[in-house]
Protein chains: 2
Amino acid sequence: MTTINEATPSSTGGAAGREADWLGAVAAEAALFGPSSSAERAADILRKQITEGRLRPGSRVPEKELAAAAKVSRNTLREAFRLLSHEGLLVYEMHRGVFVPQPTEADVVDLYRLRRVLECDVLRGLEGLDSDRLVPLRAALEHSEAAAVAGDWAEVGTGNMRFHEHLVGLADSPRINAVTARLVAELRLIFHIIAQPQELHEPYIARNRAILELLENGRYGDAADELHQYLLDSEERILAAFRSVS
Amino acid sequence: MTTINEATPSSTGGAAGREADWLGAVAAEAALFGPSSSAERAADILRKQITEGRLRPGSRVPEKELAAAAKVSRNTLREAFRLLSHEGLLVYEMHRGVFVPQPTEADVVDLYRLRRVLECDVLRGLEGLDSDRLVPLRAALEHSEAAAVAGDWAEVGTGNMRFHEHLVGLADSPRINAVTARLVAELRLIFHIIAQPQELHEPYIARNRAILELLENGRYGDAADELHQYLLDSEERILAAFRSVS
DNA sequence: GCATATTTGTCCGTATGTATA
DNA sequence: CTATACATACGGACAAATATG
């Protein structure tokens with residue numbers, strides 16, 4: 001399985017600064033949180049490290065060091081691992097440890113298939129929507145637009161994803177929301193292995209705006225059609241980027 | 001992993017007269033399993049107890065006794081709890097313990113909404129399906145029919161659910177399969193609350209047969225339409241039964 | 001191919017806090 | 001309100017598997 005990554009062969013030996021900086025971020029984050037269970041807290045912290053790209057796809061996640069950094073016991077940390085592995089953000093390999101998964105092209109296809117079904121269906125079922133509900137969508141869109149001006153393409157990406165999360169949220173379906181949260185998390189993983197932020201996110205600001213305007217005019221069916229094409233194009237672009245990496 | 005269980009349910013003849021014998025069943029089951037992690041093994045066992053109705057919705061699941069019955073440590077069992085709570089088969093209540101959830105009418109509505117979207121979409125995307133792929137559907141259907149003759153309505157129910165699991169399996173989408181597995185598990189919970197097996201399962205044998213025959217004739221769109229109506233009717237019937245219980 | 005070091009898998013004992021009788 | 005039971009969490013220990021030299 002010695003496929004891609006590992007593009008920095010020179011190292012392996014120490015250099016505490018670079019590879020340990022996300023461990024420091026974990027330790028810092030650990031102080032902020034409040035109540036709830038320790039395992040969930042640890043899972044929240046780890047999730048953030050992964051989705052924000054400090055823990056890259058393919059990385060090993062060692063129990064011992066991470067337990068120390070997050071200041072929880074190994075047992076508690078393992079509960080957090082189980083949580084995250086069920087979300088698709090970690091994978092267990094028996095007696096080898098936990099890893100951040102590396103999605104494949106097949107995963108991209110599968111994931112987009114589900115996105116198309118769910119998101120388009122949500123839009124088609126919005127008859128009689130209160131227009132106040134669209135406020136979070138607009139906020140996410142403006143977040144992306146501001147980030148684009150600043151040239152922060154990663155932040156454009158999170159804005160776009162937030163747009164789609166709020167979009168499916170319009171359906172008021174806890175289960176659809178849960179599935180979407182998982183899909184978005186996996187999507188972030190994919191973005192991190194491609195690492196061409198601008199080409200990946202910038203074109204979709206305008207298209208999200210178009211969808212939002214259709215929704216504001218109550219043209220839900222048209223919005224769904226536009227979204228369908230949007231998702232086909234996005235999938236195609238990601239697959240192309242994938243091939244250029246491998 | 002989350003495959004479809006094999007037979008040998010030993011079929012719990014009578015429906016009466018035992019409260020704690022599921023603890024014994026856990027201990028018995030614990031001996032059978034082979035490799036894999038202890039946590040996953042414990043989760044498999046517990047999942048079976050829940051979906052087969054020996055652990056009823058609303059039950060408390062005490063970690064100490066269960067750890068003894070399954071012969072695993074409490075730490076390991078807690079990992080299994082986390083797994084199952086993410087599948088919707090258990091819920092955590094902070095400092096109170098773990099419980100088998102009691103789905104509400106709102107859950108039924110939400111769940112059926114997702115079922116309709118996913119299952120119907122799968123059927124509409126089956127152009128050019130190899131007819132061999134339908135064999136498991138027929139097997140599940142015949143399982144239901146045989147159980148109906150024997151008057152074992154619970155088994156009719158598992159046959160019907162297996163039919164639908166294989167149906168979505170035709171899409172070859174791991175993520176759709178995973179979501180469906182979760183939905184089916186929750187559905188079983190609901191059936192166990194209502195406990196009117198015959199009225200709930202018997203009418204759908206014929207309808208599953210109708211869907212299968214449409215599929216065998218390549219009429220995927222018609223099958224999807226039939227399935228859509230099927231799911232609407234099923235939801236309505238469950239909601240009615242729900243109201244008569246509460 | 002072998003011996004060793006490291007890491008995971010699992011269990012136990014125990015201390016603390018929370019909910020309930 | 002106190003007492004008890006139980007969940008939460010920790011740290012140590014050992015076996016088993018893997019990775020390394």
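In what follows, chains carry the letters A, B, and so on, assigned in the order in which the sequence lines appear, proteins first and then strands, with residues in each chain numbered from 1.
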Any pair with a residue in residues 85-94 of chain A that passes salt bridge (Lys or Arg N to Asp or Glu O under 4.0 Å), sequence neighbours left out, goes on the list, sorted by first then second residue, please. Arg47(A)-Glu87(A), Glu93(A)-Arg96(A)
Pairs meeting criterion ring-ring contact (aromatic ring centres under 6.0 Å, His included) with involvement of residues 175-196 of chain B, two or more places apart: Phe191(B)-His201(B)
May I have all residue pairs that pass ring-ring contact (aromatic ring centres under 6.0 Å, His included) and include part of residues 67-111 of chain B, sequence neighbours excluded? His86(A)-His86(B)
In whole angstroms, the gap separating P of dA5(C) from NZ of Lys64(A) amounts to 14 Å
Taking only residues two or more places apart in sequence, or in another chain, which ones meet Arg133(B) in a side chain to side chain donor-acceptor pair (under 3.5 Å)? Asp172(B)
When the distance from CZ of Arg60(B) to C1' of dT20(C) is rounded to whole Å, what number comes out? 11 Å
Separation of dT8(C) atom P from Glu40(B) atom CD, nearest Å, is 16 Å
Taking salt bridge (charged side-chain N to carboxylate O under 4.0 Å, His left out) as the test, write out the residues that go with Arg78(A), two or more places apart. Glu63(A), Glu79(B)
Taken in chain and number order and not counting sequence neighbours, the residues that satisfy side-chain contact (heavy atoms from CB on, under 4.5 Å) with Thr76(A) are Ser38(A), Ala39(A), Val72(A), Ser73(A)
Which residues pass the side chain to side chain donor-acceptor pair (under 3.5 Å) test with Glu235(B), sequence neighbours left out? Arg116(B)
Would you please name every residue forming a salt bridge (charged side-chain N to carboxylate O under 4.0 Å, His left out) with Glu165(A), sequence neighbours left out? none
Only pairs at least two apart or in different chains count here, so list each salt bridge (Lys or Arg N to Asp or Glu O under 4.0 Å) that has a residue in residues 174-183 of chain B. Asp107(A)-Arg175(B), Asp110(A)-Arg175(B), Glu186(A)-Arg175(B), Arg182(B)-Glu186(B)
Which parts of nucleotides 12-19 of chain C does protein reach within less than 4.0 Å, heavy atoms only, written one letter per nucleotide 5' to 3' as B for base, S for sugar-phosphate only and - for none? B-B---SS
Give me the residues of residues 78-85 of chain A where at least one heavy atom lies under 4.0 Å from an atom of DNA chain C, by number, or none. Arg78(A)
Spacing of Gln49(A) atom CD and Leu84(A) atom CG [to the nearest 0.5 Å]: 11.5 Å
Its 5'-most and 3'-most nucleotides having an atom under 4.0 Å from a non-hydrogen atom of chain A, DNA chain D is contacted over dA9(D) to dA19(D)
